[in-house]
Amino acid sequence: MTTIHADGPYYDWLTPGQQLIPQHDVTLDAGSASFYQAMSGEALALPLSAPLSAAVTGKAARLASPGLVVNLSIGQSTVATRRAIANLFYRNMRVLRPVHLGETLHTVVTIKAMSDASAKPGPGQPLRGKALLGITTTADGEVVLDYERCALLPVSEGGTLPGHAADVGPADSPLDLAAYADLLPTSWLAAAFPLTDPWETAIDATRDHVDLAASFARITHNRAIVHRDSTASMYGKRLVYGGHVVALAQASLTRCLPHIATVVAWHACSHTGPAFEGDLLEFDHRLVGELRDAGGWALQAVEVTGRAIRDSGVDEILRWTVIVVVRR
């Protein structure tokens, strides 16, 4: 009798240039949109209102939250990271066009670069390495997401470091908003959407509690074992999926700035510390750039900082530079 072991891949099983077998496609529907909104508390106006979405975008199908699209894409990308120790950063994530309910997502993951890492001190710590993943997601066959993420993966039991030493690059780069100008939704009707108020900084008085973290991982098809099994985590408890933290950060941003039309890019995103079930999170937001177009829309670059409030103190866990669209 043949036994199937659903495990890995481990770092030493991968090779640069390798393209992994994709997960199943996922069709966006009202159920997934409702679950995401309930889990995150996001208040983007267009995904919440079918009439407003139709008036602004010109499409009968309601706009899908870019947070939902991104989190499903990341979940589909975990064909490479079932055994991840941690996700180090996301880089240059661009939402190349708006996605609407009814479209079907398909994600392809390619190993772009690998670099052996130093072993963590202490008994029982596995050998490990960094894998830079190139991720492309299509909606109904058209590319809608293109980005990189860097994962820290263990070597398999009894395995050895393969000797990779590629430069996976920095987590971020200098911000140039003009490089995102092509993501402005110029076909959308700006006059149908509310104007946003001028602002510079925003501090959200609503702290948010992390719960149902394993459910969030399941609904986004995230295969990383550390999000489900406490014994697989180096912390001795389940690690919250980083996309869950970003979803709560985006929800905080929509509370502070209710007239964001959509999110079009993550310029950079670093998980500077771990998050756990039961953490109390707080976020603040700082405007770091703006670029207007002639049609009434503008790109705003926002630097978001997230912290976890625990009995042991306050720990920074997120540094995220997000590019949003507002009417100005």
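Only heavy atoms go into these numbers, but all of them, side chains included; no hydrogens, no water, no symmetry mates.
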Given 3.5 Å as the limit, does a donor-acceptor pair link the side chain of [X] with the main chain of [Y], or not?
X	Y	value
Gln23	Ser77	no
Ser40	Tyr36	yes
His221	Gln76	no
Ser32	Leu28	no
Arg149	Ile135	no
Thr78	Arg223	yes
Arg328	Ala298	no
His100	Ala61	yes
Arg83	Pro9	no
Asn222	Ala224	yes

For a 4.5 angstrom cut-off between non-hydrogen side-chain atoms, does [X] reach [Y]?
X	Y	value
Leu46	Val56	yes
Pro22	Val109	no
Leu153	Trp13	no
Val263	Leu253	no
Leu145	Val69	yes
Leu44	Ile260	yes
Phe89	Asp172	no
Thr262	Pro98	no

Give a yes or no on whether [X] and [Y] share a hydrophobic cluster (residues Ile, Leu, Val, Met, Phe, Trp, Tyr; joining criterion: side-chain heavy atoms under 4.5 Å apart).
X	Y	value
Leu52	Val325	yes
Tyr147	Leu88	no
Val326	Trp199	yes
Val143	Ile323	yes
Val264	Trp297	yes

To the nearest 0.5 Å, how far apart are [atom1] in [X] and [atom2] in [Y]?
X	Y	atom1	atom2	answer
Thr272	Arg319	OG1	CZ	7.0 Å
Lys59	Trp188	NZ	CH2	11.0 Å
Thr321	Arg91	OG1	CZ	14.0 Å
Thr220	Asn71	OG1	CG	6.0 Å
Leu96	Thr136	CG	OG1	9.0 Å
Arg97	Asp182	CZ	CG	14.5 Å

Residue among Gln250, Gln37, Arg255 satisfying side chain to side chain donor-acceptor pair (under 3.5 Å) with Glu42: Gln250

Electrostatic pair Arg82-Asp7, nearest N-O below 4.0 angstrom: no

Lys/Arg N to Asp/Glu carboxylate O, Glu277 vs Arg238, below 4.0 Å: yes

Kindly give the heavy-atom pair with the smallest separation between [X] and [Y], and that separation in Å.
X	Y	answer
Ser270	Ala171	OG-CB, 3.5 Å
Ser252	His285	OG-NE2, 2.9 Å
Met39	Leu248	O-CD2, 3.9 Å
Ile85	Leu239	O-CD2, 4.0 Å
Arg94	Ala179	NH1-O, 3.2 Å
Ala265	Leu183	CB-CD1, 4.1 Å

Leu281: which of Leu318, Asp204, Ile317 passes side chain to side chain contact (heavy atoms under 4.5 Å, CB included): Ile317

Residues Ser156, Asp12; criterion side chain to side chain donor-acceptor pair (under 3.5 Å); working and verdict: CA-CA 7 Å; Ser156 61; Asp12 51 322; 2.7 Å; yes

Aromatic ring pairing His271/Tyr90, orientation class (parallel under 30°, perpendicular over 60°, tilted between): perpendicular

Parallel, tilted or perpendicular, as decided by the 30° and 60° cut-offs, for the rings of His164 and Tyr11: perpendicular

Test log, rule side chain to side chain contact (heavy atoms under 4.5 Å, CB included), inputs Leu20 and Leu14: CA-CA 9 Å; Leu20 303 183; Leu14 301 173; 4.1 Å; yes

CD1 (Ile203) with more than 12 external heavy atoms under 6.0 Å: no

Greater than 12 external heavy atoms within 6.0 Å of His209's NE2: yes

Side chain to side chain contact (heavy atoms under 4.5 Å, CB included) evaluation trace for Glu103 with Glu142: CA-CA 10 Å; Glu103 297 194 72; Glu142 185 177 1; over 6 Å; no

Check: His267/Tyr180 side-chain N/O donor and acceptor closer than 3.5 Å: yes

Intermediate values then yes/no, side chain to side chain contact (heavy atoms under 4.5 Å, CB included), Asp25 and Leu105: CA-CA 6 Å; Asp25 295 356; Leu105 303 181; over 6 Å; no

